[in-house]
Each structure stands twice: as C-alpha cells, then as structure tokens.
Amino acid sequence: MSISIMARAQARPNPSLHWPLQVRPALASETTSTPSDYKYHLVRVSRNRKTGPIPVTTTSANSCPPSCSFKGNGCYAESGPLAVHWDRVNSGERGDTFDALLEELGTLRRNALWRHNQAGDLTPSSPGVIDARLLIRLAWINKGRRGFTYTHYRPSGANLGAISTANRMGFTVNLSAETLQQADGYADLGIAPVVVVLPADTTKPMRSPAGRQVVVCPASVGNSDCLNCGICQQRDRSCIVGFPAHGSGAKRVEAIFFKEVSP
C-alpha cells in the first residue's frame, strides 16, 4: 500500500464505528439489499451549467423508488445528454461499487460542496425502503464536507428515521415533492428540507397552500449555480425550493404537479 493511500485511509473516519443506536446497520442476513446490483459514478468537476464545477455523483436507475410519479413519465434524467451518461452507468460501463464511491468521496477536500445523484436516488434495501445502513455510511464519509441530495422515497416508516438521521449528521437529504400540497405535508414532518417541481414557465417566488415561501432554484433561471448558491445544502432553511419542469418530459411533469397528491 502506498504512503498516500495509507494516509487517506488513516484520515478517513471508520463508518462502522460509533453508529447511532437507532440506525445501527442490520446484518447481511437481515436485509434484502444487494449492493452489487447498484452502480455509482463520481465526476470530481462537473461540467453541468446548473451545478457548476462541483463533484457530482450518479447512481444507477434501479435505485429509484416505485412511488416516483416521474419514473418513465417525464424524468429530466431520462432525456438529453444526462440520459446517455445514465445509460452507461446503468449498464455498468461506467461507475463502481458503493465502497469504491466512499473511497473517492473520502478524498474530497474539507468543506467541499458536492451533490449526490444528479440522476438516481438513495440505495434501497427493498422496493420503496431506503437502506439506512448505506445512507448513514454516506453521511459519515460526508463529515467535514457539504454534501446534499434529493429523494423521492416516501418519508414514512423506516425511511423517515433514516432521512432524519442523515440530516442530523450533516448530510442534507431534501424531500422531493410532486405538488405544492405534498410539499406542505412533507414540511409538516419537520425532518428535512423540501423541494418541489413547478410548472416549466415559473420564474417568480410563490406561496404554498399553507403559506410557505417557495423560491425558484436560481440555477434554473440562469442567475447562479449550485456552487455559488448552495441553498439546497441548507438543512435548516424555512423555504421550499422549486424546480421548474424541464426536458422533453416537462409537460408530463406539469400534469402531475396540477394533480392533488396526498403526502
């Protein structure tokens, strides 16, 4: 083992130690998760105009929950250049294991802002259920850094505890809502910040049905990028961040937005 690799290994916290009691990982025999089924890819300097030059990951599409209404129905990542990259991650042509991803993330500089999953979602242990063990390992490796992501997994049951714990540990998991009504329901939980899809032509702030402020993502209207904004990484923000529908499936996403969806 080279000196540089040894130094990195010694500097990284051991994610198997000091687990919060309520999220102590299950033994392999106690979970239906098969980590090898998923692929993870890291770009250390993204060329995406909206994110800016920050580290960005992509997870294979089989991580996406069955409850996401945009799956095969307008998801922005299923069209355009990102779809080409995502297809290569899905096929295994690009990407590696979860452990390899953690190794790479452990080398990011201190206080680095990074986005997990420009496409894909948190790894499940079974359909619709987040693998808390893997999520907490991700939160541990994020210590001293400013990672953030979004999830369409429903914040209920075991998912609620996993998402809440990750946020408390400093890894920001935004709850992704499909309507303003659902966004209010998620915000009422008080466990995580909330984002919501908006109609494609939205450029101005608005209010949710419960009166919460909804700000439009600055990168979506060309005013900034993730590197210079960072609002989605702010776990204690009071506002909801809205993302105007975009891509070839924007009209289908809008149709979902205007439907009444229960949290």
Side-chain angles (χ1 to χ4, degrees), residues 34-98 100-101 104-105 113-124 127-128 130 134 138 147-153 173-179 195-202 216-222 224-227 229 232 241-259:
T34 308
S36 61
D37 289 343
Y38 306 94
K39 293 298 180 183
Y40 309 84
H41 182 270
L42 171 68
V43 174
R44 301 184 74 91
V45 181
S46 175
R47 292 183 292 177
N48 187 304
R49 177 185 62 79
K50 291 182 178 180
T51 64
I54 65 173
V56 171
T57 74
T58 304
T59 300
S60 51
N62 56 348
S63 64
C64 295
S67 60
C68 180
S69 299
F70 304 142
K71 191 174 182 179
N73 188 36
C75 173
Y76 72 92
E78 294 177 346
S79 64
L82 180 53
V84 176
H85 168 62
W86 204 14
D87 283 344
R88 291 176 177 173
V89 175
N90 294 335
S91 68
E93 179 182 344
R94 294 178 181 174
D96 210 324
T97 65
F98 187 79
L101 173 66
E104 286 291 316
L105 292 175
L113 180 73
W114 64 281
R115 173 178 173 176
H116 185 43
N117 291 340
Q118 63 174 339
D121 209 308
L122 300 174
T123 310
I130 296 168
L134 297 188
L138 190 64
F148 68 99
T149 192
Y150 312 87
T151 185
H152 269 91
Y153 280 88
V173 180
N174 290 268
L175 302 177
S176 294
E178 299 171 0
T179 70
V195 299
V196 66
V197 68
L198 297 173
D201 59 355
T202 305
V216 180
C217 165
S220 296
V221 292
S224 187
D225 56 26
C226 293
L227 177 62
C229 174
C232 289
V241 176
F243 294 93
H246 58 284
S248 61
K251 291 299 182 183
R252 284 177 286 169
V253 170
E254 286 184 348
I256 294 168
F257 172 83
F258 287 114
K259 289 181 179 179

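Counting begins at 1 with the first residue of the sequence.
Interatomic distance, F243 CZ to K50 NZ, rounded to the nearest 0.5 Å: 9.0 Å. With rounding to the nearest 0.5 Å, the separation of CD in Q118 from OG1 in T51 is 7.0 Å. With values rounded to the nearest 0.5 angstrom, F98 atom CZ is found 8.5 Å from L105 atom CG. From T123, atom OG1 reaches atom CG of L134 across 5.5 Å, with rounding to the nearest 0.5 Å. Rounded to the nearest 0.5 Å, atoms OG1 (T202) and CZ (F257) are 6.5 Å apart. Between atom CG of residue D225 and atom OG of residue S220 there is a gap of 11.5 Å, rounded to the nearest 0.5 Å.
Side-chain atoms of N174 and V241, non-hydrogen and from C-beta on, never get closer than 4.5 Å to each other. Considering only heavy atoms from C-beta on, N48 stays 4.5 Å or farther from V56 through its side chain. The shortest distance between side-chain heavy atoms of T151 and L175 falls below 4.5 Å.
Between P55 and L42, the shortest heavy-atom contact is CB-CD1, 4.1 Å. For S67 against H152, the heavy-atom pair with the smallest separation is OG-O, 3.5 Å. Closest heavy-atom contact between P124 and N62: CG-O, 4.4 Å. E78 and A83 get closest at one heavy-atom pair: C-CB, 3.5 Å. Taking both residues in full, the closest heavy atoms of G120 and W86 are given as N-CZ2, 3.5 Å, listed atom of the first, atom of the second, then distance. H41 and V89 get closest at one heavy-atom pair: CB-CG2, 3.9 Å.
Using a distance-only test at 3.5 Å, with no hydrogens or angles considered, no donor-acceptor pair links the side chain of S60 to the main chain of N90. For T149 (side chain) and H116 (main-chain N/O), a donor-acceptor pair under 3.5 Å exists by modelled atom type. Between the side chain of E178 and the backbone N or O of S69 there is at least one donor-acceptor pair closer than 3.5 Å. Not a single donor-acceptor pair under 3.5 Å links the side chain of E254 to the backbone N or O of A245.
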TODO: Let me see the working for Y150 and N117 under side-chain contact (heavy atoms from CB on, under 4.5 Å), right down to the final yes or no.
DONE: CA-CA 8 Å; Y150 312 87; N117 291 340; over 6 Å; no
Task: Worked verdict on I256 versus N73 for side-chain contact (heavy atoms from CB on, under 4.5 Å) - done: CA-CA 9 Å; I256 294 168; N73 188 36; 3.3 Å; yes
Open item on the list: Would F70 and V197 count as a side-chain contact (heavy atoms from CB on, under 4.5 Å) here? Give the steps.
Closed with: CA-CA 10 Å; F70 304 142; V197 68; 3.7 Å; yes
- [ ] Begin with the C-alpha distance, continue with both residues' side-chain angles, and end with the deciding distance and a verdict on side-chain contact (heavy atoms from CB on, under 4.5 Å) for T59 and Y40.
- [x] CA-CA 5 Å; T59 300; Y40 309 84; 3.5 Å; yes
